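Worksheet for the structure shown next.
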Amino acid sequence: MYLFKNKRSLKNATFRAKFGAAYEGLKEKDGKYITYQLFFFYRRLLVISCVTYFDSSLITQFITVVVSGIAVVMLLALRRPFKSNMRNKVEMLEECALMVTMYHIFCFTEFVPDPRVKHYIGYSLT
């Protein structure tokens, strides 16, 4: 909220030197940057809370990571918070890669009992 409250100070060189990295590459004019920053922060809190409170339920943790990843891809596709179109696409690709990796890690749990299938899943991830 500090970044949103001081968005008028972006023209100030001292403010830009101190907090400019938080705005780096984001569209500052239309306020789209704050949605991405807030979602980034609250997503981290959601995952930490899920792991803490649902420590015995792997499926709940997995669903939380996947749904939050899908939400980030949707946010990036709809809001386009970065100045560069390529940066928006790279962020979407990173989220998709994270979801695929999480699926593979999920398959290495007791959810998949067959060691041969786990072997093939390991090759698939590699």
Side-chain angles (χ1 to χ4, degrees):
M1 293 314 292
Y2 181 78
L3 297 175
F4 183 71
K5 190 172 101 176
N6 294 311
K7 68 181 178 181
R8 298 184 202 280
S9 302
L10 285 173
K11 306 267 189 260
N12 187 344
T14 56
F15 182 83
R16 192 76 171 171
K18 195 171 190 180
F19 298 104
Y23 297 96
E24 187 176 340
L26 293 169
K27 293 180 184 175
E28 300 156 358
K29 292 180 183 175
D30 53 3
K32 290 182 180 181
Y33 67 93
I34 197 66
T35 308
Y36 183 75
Q37 296 284 17
L38 284 175
F39 195 82
F40 183 84
F41 175 72
Y42 287 122
R43 180 182 181 200
R44 296 316 184 257
L45 290 180
L46 175 69
V47 171
I48 290 168
S49 300
C50 182
V51 169
T52 303
Y53 293 115
F54 300 105
D55 58 342
S56 61
S57 177
L58 181 65
I59 190 71
T60 305
Q61 296 172 9
F62 180 72
I63 289 172
T64 301
V65 170
V66 170
V67 169
S68 67
I70 291 170
V72 169
V73 171
M74 289 173 47
L75 174 74
L76 288 166
L78 296 175
R79 297 285 289 180
R80 301 278 182 184
F82 294 100
K83 293 175 186 174
S84 166
N85 194 29
M86 179 60 92
R87 176 81 188 270
N88 287 313
K89 290 179 182 179
V90 166
E91 290 290 328
M92 282 188 262
L93 181 65
E94 285 178 4
E95 286 300 324
C96 291
L98 176 70
M99 286 188 285
V100 169
T101 304
M102 287 304 300
Y103 171 75
H104 282 83
I105 290 172
F106 178 71
C107 289
F108 277 108
T109 63
E110 293 84 25
F111 182 74
V112 178
D114 188 11
R116 176 170 269 170
V117 173
K118 287 183 181 183
H119 178 75
Y120 291 136
I121 289 171
Y123 272 113
S124 170
L125 181 59
T126 304

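Since the structure is predicted, the reported quantities are computational estimates derived from the model, not experimental observations.
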Requested in this report: Check the pair K89, L93 against side-chain contact (heavy atoms from CB on, under 4.5 Å), reporting the backbone distance first and the verdict last.
Outcome: CA-CA 6 Å; K89 290 179 182 179; L93 181 65; over 6 Å; no
Query raised in the report: Would a hydrophobic clustering, with Ile, Leu, Val, Met, Phe, Trp and Tyr connected at side-chain separations under 4.5 Å, put V66 with I59?
Result: yes
Indicate every side-chain donor-acceptor pair of residues 67-77 with a distance under 3.5 Å to a residue at least two apart or in another chain.
from : atom 1 : to  : atom 2 : distance (Å)
S68  : OG     : R43 : NE     : 3.1
S68  : OG     : T64 : O      : 3.0
S68  : OG     : V65 : O      : 3.0

Report summary line: Contacts satisfying side-chain hydrogen bond (donor to acceptor under 3.5 Å, both in side chains) that involve residues 116-126 (not counting sequence neighbours) are H104-S124
Report task. Would you kindly confirm whether M99 and V90 end up in one hydrophobic cluster when ILVMFWY residues are joined by side chain heavy atoms under 4.5 Å apart? Result -> no
Report task. Just jot down the ring-ring contact (aromatic ring centres under 6.0 Å, His included) partners of F106, sequence neighbours excluded, or say none. Result -> F62, F111
Let me have the donor-acceptor pairs involving side chains of residues 46-56, under 3.5 Å, with sequence neighbours excluded, atom names and distances please.
from : atom 1 : to  : atom 2 : distance (Å)
S49  : OG     : L45 : O      : 2.8
T52  : OG1    : I48 : O      : 2.8

Query - Which residues share a salt bridge (charged side-chain N to carboxylate O under 4.0 Å, His left out) with R87, sequence neighbours left out - result: E91
Requested in this report: Could you list the residues that satisfy side chain to side chain donor-acceptor pair (under 3.5 Å) with S57, not counting sequence neighbours?
Outcome: T60
**Report entry** Flag if over 12 foreign heavy atoms under 6.0 Å of CZ, F108
**Finding:** yes
Report task. Verify the neighbour count for atom CZ of F39: are there more than 12 heavy atoms of other residues, nucleotides or ligands below 6.0 Å? Result -> yes
